[in-house]
Asker: 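I'd like to ask some things about the structure below.
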Amino acid sequence: MSKSSTIPAVRGFRDVLPEECAHWQRLEAAARDLFARYGFGEIRLPILERTELFARAVGETTDIVEKEMFSFRDRDKEETAVALRPEATASVVRAYLESGLVHRDRQARLFYAGPMFRRERPQRGRYRQFYQIGAEVLGRDDALADAELLVWLVRYFDQVGARGTRIELNSLGDAACRPAYRERLRQFGLAHLDALCGDCHRRLQRNPLRLLDCKVADCRAVIERAPVMRDSLCAACTAHFDEVRLLLDQERVPYVLNLRLVRGLDYYCRTAFEIVAEGEGLGAQNAIGGGGRYDGLVAMLGGPEVAGVGFALGLDRVAMATPAAKDAAPGPAALVLPLEPRAVAPALRLATQLRDEGLVVAVEPAGRSLKALLGVANRRRARLAVILGPDELAAGRATVRDLASSADRRQALDLGAPGAELARWVRAEVGAS
RNA sequence: GUGGGUGUAGCUCAGUUGGCAGAGCACCGGGUUGUGGCCCCGGGGGUCGAGGGUUCAAAUCCCUUCACUCACCCCA
């Protein structure tokens, strides 16, 4: 007689329940609408890719690839290493090349929405399965493309009512100027080794740029004096960055320059940005979006030299930074209440007819007292209770009770009438109440 | 991966120096033969996160473990 135990969800994985889903759908609908206006088409991508794709695109030595991927071997002959995608840009570029989009029209404007997976330690706003909405512009190396994305983001946050969002902007340089800067920064770090924290020692080995955004006070004091990327940008990168900023200023896109902004994925170059949400209980995970330019990525993934720029929004976090609809979901227009088993079939008949006419209708099972059923109707916030008991069956007419006014329309609803007529009657009652 | 906090009813939480497992809300039923909300009465619900140990006796003390949570790290 042992009670079987429940099976919990996997660590870091969670359910998004209807109430929260309603909020998410609003956020997604707003994004789709705005994407359409900016000429983006949706792309639906696989959730599973070859591990190699991310290793090459995101970077072998990034945390994401080194220790955060859900990676395993498929049971095919080659035992292919596959992974749940930790991000989608690599997939978009893979699809762009594989589908031949690259040949049809070098420029592509694509958006996607869906779950990503990273095996990090869960915390508020950080889940092992999280959702991103993202956009990519392929085949465009001009500053206009970068600026358009940022304008999109500002319009989006405005549209969904995200409060306290801030765009942080930086330029990371390109293949011509970044390596030299990277080396200068590394040398600087080595020269101040004993003043830097343990994390920074590791960063120095793996990704010197990361020194720039260390949060330890002692490190920051040192980093203040470190060389700045902006002073190391080549002429082309400077010109590109200046034009992006000029366009943003023209469109009155508010942003703050953050010369210490670094992005974690290897493929970023030139424009890099992050959207940070202040307050609103996001905790430490307050980056609700991020993106930038990745001009070398297409070539890295085996394609021609094609530029690209894009962003991703963390839907879980955007949801936390935007107000959910305050008023609870409205109840059904009518709740049909069969008082006895004989009334069940007519109840379903009636409900189906009304639903076919577009009304929101619910039906309760028989077997409970009228009192109990009306209690249900009240809790569900139904507008009308449609009562089907012995009297109603005999008369062929349902009693309809208006839950707000407590007014009964006894012998009111002709069960033999066609659906459209029933619906018209119900609509009139609901509208009149 | 590292460090801190918290796990008791569906939810929010009490639970004394170790001594019968509790409250509020929610749910179900009754108070009214077929009329909801408010009120009154009653009821069902718990392996006290899990496993082990100490003890006559453990929700309480000890160890281990899991989950959640906050920060680091990382990132959306």
Side-chain angles (χ1 to χ4, degrees), chain A residues 1-6 8-14 58 62-68 86-89 113-134 153 197-200 202-203 206-207 210 213-216 261-265 268 273-277 281-292 310-321 331 335 337-340 343 364 368-382 384-393 399-408 410:
Chain A
M1 270 278 282
S2 68
K3 202 161 47 167
S4 66
S5 56
T6 57
V10 175
R11 177 173 166 79
F13 288 68
R14 62 166 183 155
V58 176
T62 57
D63 281 12
I64 290 177
V65 167
E66 251 185 8
K67 48 192 191 200
E68 293 176 0
E87 59 108 44
T89 301
M116 309 295 160
F117 304 84
R118 290 180 202 172
R119 206 181 173 290
E120 298 179 277
R121 179 113 166 215
Q123 119 183 29
R124 170 176 280 268
R126 186 166 83 183
Y127 308 99
R128 290 183 170 187
Q129 174 175 335
F130 60 102
Y131 294 79
Q132 285 189 337
I133 296 175
L153 284 164
C197 68
D199 280 329
C200 279
R202 283 191 295 105
R203 292 180 177 116
R206 308 158 44 78
N207 188 356
R210 279 265 158 232
D213 63 356
C214 183
K215 288 174 191 163
V216 177
L261 175 65
V262 176
R263 311 250 53 225
L265 287 59
Y268 285 113
F273 52 88
E274 212 160 86
I275 294 94
V276 178
L282 281 245
Q285 308 302 321
N286 63 350
I288 63 176
F311 66 76
L313 293 172
L315 189 55
D316 309 69
R317 293 181 187 176
V318 173
M320 285 189 270
L335 179 59
L337 307 174
L339 296 191
E340 53 175 33
E364 277 298 299
R368 298 177 67 185
S369 68
L370 176 60
K371 177 181 175 149
L373 290 170
L374 281 172
V376 172
N378 187 55
R379 270 197 306 285
R380 303 270 168 82
R381 286 186 308 277
L384 301 176
V386 179
I387 299 164
L388 286 178
D391 298 352
E392 286 79 5
L393 291 185
T399 298
V400 176
R401 182 171 176 81
D402 183 321
L403 275 306
S405 69
S406 297
D408 268 356
R410 289 185 82 70

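Lettering of chains follows the sequences in order, A, B, ..., and the numbering in each one begins at 1.
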Asker: When the P atoms of B/C56 and B/G18 are compared, how many Å lie between them, rounded to an integer?
Answerer: 15 Å

Asker: Across the strands shown, which category fits A/I288 at heavy-atom distances under 4.0 angstrom: base, sugar-phosphate, nothing?
Answerer: sugar-phosphate

Asker: Identify whether any heavy atom of A/I387 sits under 4.0 Å from a base atom; if not, whether one sits that close to sugar-phosphate; answer base, sugar-phosphate or nothing.
Answerer: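 Base contact.
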
Asker: Counting side-chain heavy atoms from CB outward, which of B/C73, B/U35, B/A76 is closest to A/D408?
Answerer: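 Within the option list, the nearest is B/U35.
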
Asker: So which protein nitrogen or oxygen atoms get under 3.5 Å of nucleotides 65-69 of chain B's nitrogens or oxygens?
Answerer:
{"residue": "B/C68", "atom": "OP2", "partner": "A/R11", "partner atom": "NH1", "Å": "3.0"}

Asker: Tell me the interatomic distance from A/R202, atom CZ, to B/U2, atom C1', rounded to whole angstroms.
Answerer: 10 Å

Asker: Please encode protein proximity along nucleotides 27-33 of chain B as a string of B, S and -, counting only heavy-atom distances under 4.0 Å.
Answerer: SSS-B--

Asker: What contact category does A/A377 fall into here, base, sugar-phosphate, or nothing, at under 4.0 angstrom with non-hydrogen atoms?
Answerer: nothing

Asker: Who pairs with A/Q132 by side-chain hydrogen bond (donor to acceptor under 3.5 Å, both in side chains), at least two apart in sequence or on another chain?
Answerer: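 side-chain hydrogen bond (donor to acceptor under 3.5 Å, both in side chains) check on A/Q132 returns nothing, list empty.
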
Asker: Quick one: does any side-chain atom of A/R128 pair with a main-chain N or O of A/E120 as donor and acceptor, under 3.5 Å?
Answerer: yes

Asker: Suppose we define a pair by two distances each less than 3.5 Å, Watson-Crick or G-U wobble; what does B/C74 pair with here?
Answerer: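 B/C74 is paired with nothing.
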
Asker: Side chains of A/P86 and A/E68, heavy atoms from C-beta outward: is any pair under 4.5 Å?
Answerer: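 Heavy-atom side-chain distance check fails, nothing below 4.5 Å.
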
Asker: Give A/G389 one of three labels, base, sugar-phosphate or nothing, depending on what nucleic acid heavy atoms sit under 4.0 Å from its own.
Answerer: base

Asker: Grab the CG-C1' distance between A/L370 and B/G34 for me, whole Å please.
Answerer: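 Those two atoms, CG and C1', are 5 Å apart.
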
Asker: With sequence neighbours excluded, what pairs up with A/Y131 under the ring pair (Phe, Tyr, Trp, His ring centres under 6.0 Å) test?
Answerer: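 In terms of ring pair (Phe, Tyr, Trp, His ring centres under 6.0 Å), with neighbours along the sequence ignored, A/Y131 is linked to A/W24.
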
Asker: Between B/A71, B/A76, B/U35, which nucleotide gets closest to the side-chain atoms of A/A284?
Answerer: B/A71

Asker: Using side-chain heavy atoms (C-beta onward) and a distance below 4.5 Å, is A/M320 in contact with A/Q285?
Answerer: no

Asker: Report the base-pairing partner of B/U60 (Watson-Crick or G-U wobble, both distances below 3.5 angstrom), or none.
Answerer: none

Asker: Considering only the C1' atoms, how many Å lie between B/G31 and B/A67, rounded to the nearest integer?
Answerer: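 These two C1' atoms come out 44 Å apart once rounded.
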
Asker: When you compare B/G7 with B/G46, how far apart are their C1' atoms, in angstrom units rounded to a whole number?
Answerer: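 That atom pair is separated by 14 Å.
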
Asker: Quantified in whole Å, what is the C1' atom distance between nucleotide B/G44 and nucleotide B/U33?
Answerer: 26 Å

Asker: Once you apply a heavy-atom cut-off of 4.0 Å, does A/G125 come out as touching a base, just sugar-phosphate, or nothing?
Answerer: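 Result for A/G125 = base.
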
Asker: Rounded to the nearest 0.5 Å, what separation is found between the CD atom of A/E87 and the OG1 atom of A/T62?
Answerer: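 A/E87 atom CD to A/T62 atom OG1 measures 9.0 Å (nearest 0.5 Å).
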
Asker: Going by the rule side-chain hydrogen bond (donor to acceptor under 3.5 Å, both in side chains), which residues pair with A/N378 if we only count those two or more places apart in sequence or in a different chain?
Answerer: none

Asker: What does B/U12 pair with, Watson-Crick or G-U, if both distances are under 3.5 Å?
Answerer: B/A23

Asker: In whole angstroms, how far is the C1' atom of B/A76 from the CD1 atom of A/I64?
Answerer: 9 Å

Asker: If you measure from the C1' atom in B/A23 to the same atom in B/G45, how many Å do you get, rounded?
Answerer: 15 Å

Asker: If you compare all heavy atoms of A/A377 against all heavy atoms of A/L335, which two are closest, and at what distance to 0.1 Å?
Answerer: CA-CD2, 3.4 Å

Asker: Separation of A/K67 atom NZ from B/U2 atom C1', in whole Å?
Answerer: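 Rounding to the nearest Å, NZ of A/K67 and C1' of B/U2 are 11 Å apart.
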
Asker: With RNA chain B as reference, determine whether A/G290 or A/T399 sits nearer its 5' end, using the nearest nucleotide of each.
Answerer: A/T399

Asker: Mind checking whether A/E274 and A/L261 have side chains closer than 4.5 Å, heavy atoms only?
Answerer: yes

Asker: Under 4.0 Å, heavy atoms only, any strand: does A/R203 hit a base, just the sugar-phosphate, or nothing?
Answerer: sugar-phosphate

Asker: Under the 3.5 angstrom rule, does the side chain of A/R317 hit a backbone N or O of A/G289 as a donor-acceptor pair?
Answerer: no

Asker: Please determine, for B/C68, whether a Watson-Crick or G-U wobble partner exists with both distances under 3.5 Å, and give it or none.
Answerer: B/G5

Asker: For salt bridge (Lys or Arg N to Asp or Glu O under 4.0 Å), just list the numbers for A/D63 and A/R118, CA-CA rounded to whole Å, side-chain angles, deciding distance to a tenth of an Å, and then say yes or no.
Answerer: CA-CA 10 Å; A/D63 281 12; A/R118 290 180 202 172; over 6 Å; no

Asker: Atom CD of A/E392 and atom CD of A/E340: how far apart are they, to the nearest 0.5 Å?
Answerer: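 Answer for the CD-CD pair, A/E392 versus A/E340, is 9.5 Å.
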
Asker: Less than 4.0 angstrom between a side-chain N/O of A/R263 and OP1 or OP2 of B/A76, yes or no?
Answerer: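 So the side chain of A/R263 is within the cut-off, an N or O lying under 4.0 Å from OP1 or OP2 of B/A76.
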
Asker: May I ask you to say what A/E66 touches in the nucleic acid, namely base, sugar-phosphate or nothing, with a heavy-atom cut-off under 4.0 Å?
Answerer: nothing

Asker: For atom P, what is the distance between B/A21 and B/U16, given to the nearest Å?
Answerer: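 Straight-line distance between the two P atoms is 13 Å.
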
Asker: If I take atom CG in residue A/L337 and atom C1' in nucleotide B/G34, what distance separates them, rounded to the nearest angstrom?
Answerer: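 My rounded result for the distance is 12 Å.
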
Asker: Rounding to a whole Å, what distance do you find between A/R128:CZ and B/A76:C1'?
Answerer: 16 Å

Asker: Please state how far atom CD in A/E120 lies from atom P in B/C70, giving the value in whole angstrom units.
Answerer: 14 Å

Asker: Distance between the P atoms of B/G52 and B/A58, in whole angstroms?
Answerer: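 It comes out at 13 Å once rounded to the nearest Å.
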
Asker: Expressed in whole Å, how much space separates the P atoms belonging to B/C70 and B/C25?
Answerer: 30 Å

Asker: Can you find a pair of side-chain heavy atoms, one from A/D199 and one from A/V216, that are under 4.5 Å apart?
Answerer: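 No, their side chains stay 4.5 Å or more apart.
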
Asker: From C-beta outward on A/L265, which listed nucleotide comes closest to its side chain: B/G37, B/C74, B/A76?
Answerer: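 My answer, after comparing the listed nucleotides, is B/A76.
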
Asker: Find out whether A/D402 and A/L384 are in side-chain contact, i.e. whether some heavy atom of one side chain is under 4.5 Å from a heavy atom of the other.
Answerer: yes

Asker: Distances under 3.5 Å between protein N/O atoms and the N/O atoms of nucleotides 41-43 of chain B, please, pair by pair.
Answerer:
none

Asker: Hey, does A/I387 have a side-chain heavy atom less than 4.5 Å from the side chain of A/L373?
Answerer: no

Asker: Take atom CD of A/Q285 and atom P of B/C70, then tell me their distance rounded to the nearest Å.
Answerer: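 Result: 9 Å.
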
